[in-house]
2 protein chains.
Amino acid sequence: MSTRISQPDNVAMKGGYWLATKGTMDVIAAAAPLVMDALDCMDTEAADSPFCLTDMGCADGGSSMHLVRKVVQTVRRGSPDREISVVYTDQPRNNYNALFRLLHSVDESSVQSYFEEFQRLYVLASGTSFYEQLVPNRSLDFGFSCTAMHWLHSKPSDISEHVHAVGATGDELLTFKRQAAVDWETILLHRAAELKDGGRLVLVNFCRDAEGRHLGNTTGVNMFDTFNQLWCSMLSEGEITQAEYVSMTLPQYYNTLEEFGAPFEDSGSAVSRAGLTLEHAQTKVVECPFRAEFAQHGDAAQFARDYVPTLRSWSESTFHGALSASRSEEDRRRLVDDFYGAYRALVEDNPAQHRMDYVHAYLTIAKSSS
Amino acid sequence: MSTRISQPDNVAMKGGYWLATKGTMDVIAAAAPLVMDALDCMDTEAADSPFCLTDMGCADGGSSMHLVRKVVQTVRRGSPDREISVVYTDQPRNNYNALFRLLHSVDESSVQSYFEEFQRLYVLASGTSFYEQLVPNRSLDFGFSCTAMHWLHSKPSDISEHVHAVGATGDELLTFKRQAAVDWETILLHRAAELKDGGRLVLVNFCRDAEGRHLGNTTGVNMFDTFNQLWCSMLSEGEITQAEYVSMTLPQYYNTLEEFGAPFEDSGSAVSRAGLTLEHAQTKVVECPFRAEFAQHGDAAQFARDYVPTLRSWSESTFHGALSASRSEEDRRRLVDDFYGAYRALVEDNPAQHRMDYVHAYLTIAKSSS
């Protein structure tokens, strides 16, 4: 459920690991003022129950480590003895071993855990999806999520002429838009049940901004169009079948601010009746760290080598899954390797056109008595 | 912190995996009546807060899966709508990936998760040691642990002529006994802080019973004496140094029922003042599943092949750690392989003498207003 980056699985990923982490860290750093503002609005000195924080879509916890430290420090400033629970959540296949090793400082790491810095702090993990309730009713003070909620609960349909909803049209686009609205409401209603009165959410989600920009589509070519063109080439060259081409549809949708805000507009909506209000909404673009690094070193081959693996890290399983199960595993792997190899060649040939700037909506949501 | 068995790390372990799991499952099955009795004594219908259960030293959660299911069923029988949290805890190096994959049924498994069977059930994991507080003050209803608390917080000293406290004498024995008493008190005081009034613990810990029996020492040879003799042979053959021989000391202690009961005897003790009372204490022997399997198949080589890897699974890191850091990793691995190879040869030569029966204390502890 997370596009945040965890421990590298292989050496190829390692070159880009810190840059990809830097990207997420930059996005989370951009959210920090909103988080501090949200805490300011809360009565964190109410010490009748532990302060509970969730990080939904946590990956290995590295990119939010410093933000969580700041939240704990802030709560403790007002209420030095208050117990605090931090609940990290992600999907069941997440690398929880990496999370606990990082939190408990088992290995050397450039990310310093806050765990030993505080007393009366309980750190837990959950493998339950944010499409379900994660913690008991009215037990949550502050919920955070970054770069996770663009993953739909399930793929509503294939997109016949593209790989992503940003390239969908007509009824297919409508199907995705509707699914995304239902999913967004589901996410919010579960959070409404979890939140105490006066609690807050800060959700940092991929979006389409007022200028139509989105992840990988700011200046230069549209990353998802590149995905689609390369996948299309493999179809026209007979490498993959039409069914495989169509089946490659990322189960994602990037809401606009209007779409994120819709459930809050109507005071009779389920979300409003559950006590949620939208306190703050804005979009921000965070520069692609690979691109910034390339501006320093100017080596197109190195840029391509660092950049493409991070795209691969969150898209590979969907490409792999689109290939027919009747193929050998070796064949499927070769085709996926070919695909990203072709992407790398494109980047190396024309590096100026490629970048994956992050475009996020930063949302603060409050829970009042319902 | 757990001697319970998680996913096998290698093929060699696989043969013994299910048998080792069966052993722990048998021990937990023997604890089930105590757990049900403890729940009977509790007011589980008090629905003002979620019912919280911990499983301390959970490994991958497989061996306690059915017990946790029964606890949830029992709580829900009295209070169908009550929210329930299950918190799995182990040390930071535990295989949490295996835990979450098993709980959320990601892979095929012979162990069926209860997770999908219930609503309003929150399953979490913690990588914090049971020598620390695991959950907030007065939030715990029922704490369970099986085969974990014989691991001392740290090794109090080396044992000069044996590898385990069961073979220690004089001052060395006294040092271990004292450390174990301090550690047991630490464990109990943290649990006392976590427990709600009326809450219960069922702790199933390795022990020495009234007949002096303990893990691997019921009939036949004493497993720990065998460990020691083989390690001694490697010393006399010049394979390891005197310092390495001495450094191999398992940081474990097996309390007697009297030692487990001591903090509860004195009404002025810290444990008594914290509100804990010992409601039930007994010892039980559970037969070595490898030995039972051998009685069926009669193949000494297979017995040795299945049996020794399970001993290795919980002792290898200590043997490895006793070897000088100045040796190459290859050399250390070879020596450890030689050690278990020699153990296997002993078992194959004289299988009738070898078995690792489990000898546990089964303790029920209650928390009253302190």
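Chain A is the first sequence line, chain B the second, and so forth, proteins listed ahead of strands; every chain is numbered from 1. It should be emphasised that the depicted structure is a prediction, and the values quoted were computed from it without experimental measurement.
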TODO: Evaluate the ring planes of Phe100(B) and Tyr96(A), with Trp represented by its six-membered ring, and classify them as parallel (under 30°), tilted (30 to 60°) or perpendicular (over 60°).
DONE: tilted

TODO: Identify which of Gln133(A), Arg101(A), Arg120(A) forms the greatest number of heavy-atom pairs closer than 4.5 Å to chain B.
DONE: Gln133(A)

Check whether [X] gets within reach of chain B through its side chain, its backbone, both or neither, counting any heavy atom under 4.5 Å.
X         : answer
Leu134(A) : backbone
Glu83(A)  : side chain
Thr128(A) : both

Open item on the list: So, applying side-chain hydrogen bond (donor to acceptor under 3.5 Å, both in side chains) with Asp55(B), which one of Ser63(B), Ser145(B), Ser64(B) is it?
Closed with: Ser64(B)

Open item on the list: Can you confirm whether more than 12 heavy atoms, excluding those of Glu117(A), are under 6.0 Å from its CD atom?
Closed with: yes

Task: Under 4.5 Å from any heavy atom of chain A - which part of Val106(B) - done: both

Open item on the list: Please identify, among Ser105(B), Pro92(B), Pro136(B), the residue contributing the most non-hydrogen atom pairs under 4.5 Å to chain A.
Closed with: Pro136(B)

TODO: Find the one option among Asn97(B), Thr89(B), Asn137(B), Leu121(B) whose heavy-atom pairs under 4.5 Å with chain A are most numerous.
DONE: Asn97(B)

- [ ] For Tyr114(B), enumerate each residue passing the ring pair (Phe, Tyr, Trp, His ring centres under 6.0 Å) test, keeping only those at least two apart in sequence or located in another chain.
- [x] none

TODO: Report the residues that fulfil side-chain hydrogen bond (donor to acceptor under 3.5 Å, both in side chains) with Arg327(B), sequence neighbours left out, ordered by chain and then residue number.
DONE: Glu244(B), Asp331(B)

Open item on the list: When you compare the side chains of Lys155(B) and Thr318(B), does any donor N or O come within less than 3.5 Å of an acceptor on the partner?
Closed with: no

